[in-house]
Colleague: 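Have a look at this one before I ask anything.
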Amino acid sequence: MTKNVSTATPLLGVNIDHVATLRQARGVAYPDPIAAALLCEQAGADGITLHLREDRRHIQDDDVYRMKPLLKTRMNLEMATTSEMLAIALDVKPEWVCLVPEKREELTTEGGLDVAAQVETLAPYIKSLQQADIKVSLFIDPEPAQIEAALHCGTDAVELHTGKYSEATLTEDKAEIAKELARVQQAAEYALSKSEQLIINAGHGLTRDNVHAIASIHGIYELNIGHALIADSVFMGLEKAVQAMQAAMQGKKI
Ligand code: PXP
């Protein structure tokens with residue numbers, strides 16, 4: 001992936017974790033997240049994201065191994081910074097790894113990595129992945145100090161956590177929505193001003209209703225979207241849900 005800040009609309013990476021959530025709810029073999037990933041690709045998704053959590057609550061090791069050779073786009077493997085996950089990533093060799101903080105008690109990835117507090121651990125970890133030709137993204141809160149630290153660690157990309165913005169959009173509080181949107185905008189601007197190489201992605205909690213403002217931020221390369229898109233697919237089917245999200249990113253309805 002080369003950086004192209006002139007891309008009018010960001011690319012769409014689809015996170016298929018919650019297809020596996022549905023499967024795990026019954027402990028059966030369906031629905032298959034690999035079949036879902038391939039459908040998303042056919043529908044025009046630019047990449048597939050999956051999070052192998054330490055507690056294996058949705059995606060399983062076997063999903064990651066089965067999916068990798070079948071993807072036509074690219075795999076973005078989200079994982080915690082542990083030695084277990086490093087060994088898996090070096091074995092599977094996804095195109096991208098996105099390092100995320102993980103807490104067992106959380107429902108989803110609630111905040112970004114505190115990169116600034118972990119530069120010494122993260123820098124060699126990132127290097128081990130890069131030496132295996134795996135590009136690395138760090139999931140961070142949209143804050144200048146985290147961007148600085150991420151650059152310091154030698155990451156290829158950052159993914160700006162849009163959770164606070166997304167939560168604000170679920171309320172009627174226009175001032176809060178504007179404030180959280182501005183945080184993401186300013187973080188993207190800051191990252192652009194600091195590095196020409198750093199790829200800037202964003203994601204978390206994005207829906208067809210709130211995605212356009214984030215997709216319109218200059219310099220954002222890719223959005224990673226899961227929960228709302230998989231929820232849409234219940235009503236409209238997965239292919240249509242991918243296309244409807246891509247349209248929403250452009251401010252259109254289909
Ligand atoms: N990006 C990262 C790094 C994530 O951890 C998640 C959630 O797993 C997402 C994007 C997608 O968030 P959502 O499922 O809310 O769209």
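What you see below is based on every heavy atom in this structure, not just the backbone, and it leaves out hydrogens, waters and symmetry mates. Just so you know, ligand 1 is whichever comes first in the structure, and atom 1 is the first atom listed for that ligand.
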Colleague: Applying a heavy-atom distance cut-off of 4.0 Å, which protein residues contact ligand 1?
Modeller: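 Shell around ligand 1 (4.0 Å, heavy atoms): N15, D17, E78, V100, T109, F139, E159, H204, G205, N224, I225, G226, H227.
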
Colleague: What residues, two or more places apart in sequence or in another chain, satisfy salt bridge (charged side-chain N to carboxylate O under 4.0 Å, His left out) together with D114?
Modeller: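 Salt bridge (charged side-chain N to carboxylate O under 4.0 Å, His left out) list for D114, sorted by chain: empty.
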
Colleague: I'd like to know whether N224 forms a side-chain hydrogen bond (donor to acceptor under 3.5 Å, both in side chains) with T49, so could you lay out the CA-CA distance, the side-chain angles of the two residues, the decisive distance to 0.1 Å, and finally the verdict.
Modeller: CA-CA 7 Å; N224 283 309; T49 293; 3.0 Å; yes

Colleague: Over 60° means perpendicular and under 30° means parallel, so classify the ring planes of F139 and H161, tilted if in between.
Modeller: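 Rings of H161 and F139: parallel, as their planes differ by under 30°.
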
Colleague: Should we say atom CG of D133 is surrounded by more than 12 heavy atoms from elsewhere, each under 6.0 Å from it?
Modeller: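 Check fails, neighbour count at 12 or below.
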
Colleague: Only counting residues at least two apart or in another chain, list the ones meeting salt bridge (charged side-chain N to carboxylate O under 4.0 Å, His left out) with D232.
Modeller: R208

Colleague: Going by the rule salt bridge (charged side-chain N to carboxylate O under 4.0 Å, His left out), which residues pair with R183 if we only count those two or more places apart in sequence or in a different chain?
Modeller: E143, E180

